[in-house]
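Scroll down for the structure; my scribbles are underneath it.
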2 protein chains.
Amino acid sequence: MTDTLTVMTPMQTRRYHHGDLRAALLTRAEETLREKGPAALSLRELARDLDVSHAAPSRHFKDKQALLDALALTGFDRLAETLAASQEDVGETFAERLGAIARAYVDFATANAELLDLMYAKKHDPTASEALVAASQRWGEQLVELIAEGQHRGEVRQGPMERVGLPLFATLHGFASLAVSDMLPAEALEHGLDDVIAHMLRGCAPE
Amino acid sequence: MTDTLTVMTPMQTRRYHHGDLRAALLTRAEETLREKGPAALSLRELARDLDVSHAAPSRHFKDKQALLDALALTGFDRLAETLAASQEDVGETFAERLGAIARAYVDFATANAELLDLMYAKKHDPTASEALVAASQRWGEQLVELIAEGQHRGEVRQGPMERVGLPLFATLHGFASLAVSDMLPAEALEHGLDDVIAHMLRGCAPE
DNA sequence: ACAGCATTGTTGGCGGCGTCTACATTCGGG
DNA sequence: CCCGAATGTAGACGCCGCCAACAATGCTGT
C-alpha cells in the first residue's frame, strides 16, 4: 500500500488530482482511529493530513458515516483473512482448530480495538448495514465450516450448525469485546482465554 | 430582562435556579439517547429542552464525556437492580437461576440498546473508567454468587469462581451485544438465547 | 486530434457544536 | 443579615459536517 502513485516524481509533490484519495482516506482514517481514538476522527483533519481541501473527501464518501461504514467493512475483510490464516499451520482436531481461531480473533480484537468497536457499532446507515451484517456473517461461516468438520470427525455434537455455532460466536465475540473495553483485569486477559476456550469445547462436545 | 422575576404569571414555573438540573440532564439525556440515538445527543440541545442556557450543563458535568460517563454509571446501577430482581420469583436450581439472569440481561440489553453501547464504550475518562469497571464487576459478582450457590448444590463444576464465571460473563455479554447491534436475524434472537443458555449450562456442568 | 462531459478537487459560507471567560442571581451558613 | 459559594446567563472562539458554485483534469467517441 505504498503511495507509488502519489509520489511519481520526487519534485512534484502536489498535483490537482490525488490519485487514489479514497484509499488514502481510509488508510489514514484507520491510523488516526488507532492512534488518537474515534473522537479525534474528523473529515477536515483527514483532508488536512492528506494535503487536500476540506471538501474533497465528500467526492468519495457522501458523509462521515459513509466513511466509517467503509472502514468497518475493510475491518471485516481483514478479520476474515486473519481467521483464515489461523487455520493454516494447525493440527486437525477440532480443539486445536477452535483454539487457533479463538486466539486469532482475540488477537485481532486487541490489536484493532477501536476498529472493532466501529465494526459492531449500532450506528450504521441502513443501506451499509446490510453489507456489514453480510460481512459479519462471513466470518460466522468460517466458524460454521469448522463446526461441520468437527461434527464429521465426531468431535462436535450434532445439530443444525447455526444452533451450535451461535453460542460459540457469542462467547468469542463477548470475550473479545470485554477485552477491548478494558473491562478485564490484565490477568483475566491472559489466562482467561484458555478457560473460555475450554468452556466452548465442553459446550459443544458430543453428548 | 428581570421581569420574569417580578411579573411572573402564576403558572409560570420558570425560576433562575432549576432545582435539580443534574438529574434532569441525565434523565432527558437518556430519553434522547433512546429516541434519537447517540449522535443526536448534544449538550446544547439538552439545555434547550430543559429551558436553561447552553452553558448551564457545564456546572454539573465538566464536559460532554463526563455526562456520558455518568449516564453509563446509572445504566450499570439499573442493570444490577434488574438482575437482582430476576432472581426473586424463580426456582432454586442453577439452571433456572442462570436462565433467569440470562434472560434478564438480554432483555435489559435490547430494551436499552444505545445505553448498553455507552456502558461498554471504549472511550471513557481514565478517572471515570475506574468507577465503570467497578460497576461492571458488580454485576459480575451477581454471577459469581450464583455460581457459588450452584457449586454448593453440586450443579456446577468446581474451581475458582472467576475462572468459571468469566466464560459465562463473556457468553452472555457477547450474545446481548450481538443482539443489540442487529447482527442477528430476528429468529436467532428468539430461539438463539435458549441454545446459548443450554451451551452455558453444559460448559459449567460438573465433570 | 479534440470537443464535451463526467470525475475529482477547491473555495467560501452556513449553522451547530463544545468549551472558555466574564458576569448575574440565588442560596445558605457565620 | 451579609458575604462567599453554587448555580445560571451571555457572548465569543474555533472546530466541525455539509452544501453550492466553480476550476482543473481525465476519458471517450468521433
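Nothing here was measured: the structure is a model prediction, and the numbers come from that model. As a basis for the values below, the full set of heavy atoms in this structure was taken, side chains included, without hydrogen atoms, waters or symmetry mates.
Taking B/Glu30 as the reference, B/Arg34, B/Arg78 meet the side chain to side chain donor-acceptor pair (under 3.5 Å) condition, with sequence neighbours excluded.
Contact annotation: the side chain of A/Leu41 approaches that of A/Leu68 to within less than 4.5 Å [non-hydrogen atoms, C-beta and beyond]. Side-chain contact between B/Gln87 and B/Leu83 is absent, with no heavy-atom pair separated by less than 4.5 Å. Residues A/Asp49 and A/Arg44 are not in side-chain contact: their nearest non-hydrogen atoms beyond the backbone lie 4.5 Å or more apart.
The CG atom of B/Leu71 lies 5.5 Å from the CG atom of B/Leu115; values are rounded to the nearest 0.5 Å.
Among A/Leu67, A/Leu21, A/Asp20, the one residue that satisfies the side chain to side chain contact (heavy atoms under 4.5 Å, CB included) test with A/His60 is A/Leu21.
Following rounding to the nearest Å, B/Arg48 (CZ) and D/dG8 (P) show an atom-to-atom distance of 18 Å. The CZ-P distance, from B/Arg22 to D/dA6, rounds to 15 Å in whole Å. When the C1' atom of D/dA10 is taken as reference, atom CZ of B/Arg44 falls 11 Å away, rounded to whole Å. Across the protein-nucleic acid pair, A/Glu45 atom CD and D/dG14 atom C1' stand 14 Å apart, rounded to whole Å. Regarding B/Lys36, its NZ atom lies at a distance of 14 Å from the P atom of C/dG16, rounded to whole Å. Atom CG of B/Leu21 and atom P of D/dG8 are 5 Å apart (whole Å).
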Return the polar atom pairs (N/O with N/O) between nucleotides 4-6 of chain C and the protein under 3.5 Å, or none.
none

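A heavy atom lying under 4.0 Å from DNA chain D marks the following residues of residues 54-68 of chain A, by number: A/His54, A/Ala55, A/Arg59, A/Asp63, A/Lys64.
Side-chain contact of B/Thr171 with B/His199: a donor-acceptor pair under 3.5 Å is absent, judged by distance alone.
Residue A/Ser53 places none of its side-chain N or O atoms closer than 4.0 Å to OP1 or OP2 of C/dT11.
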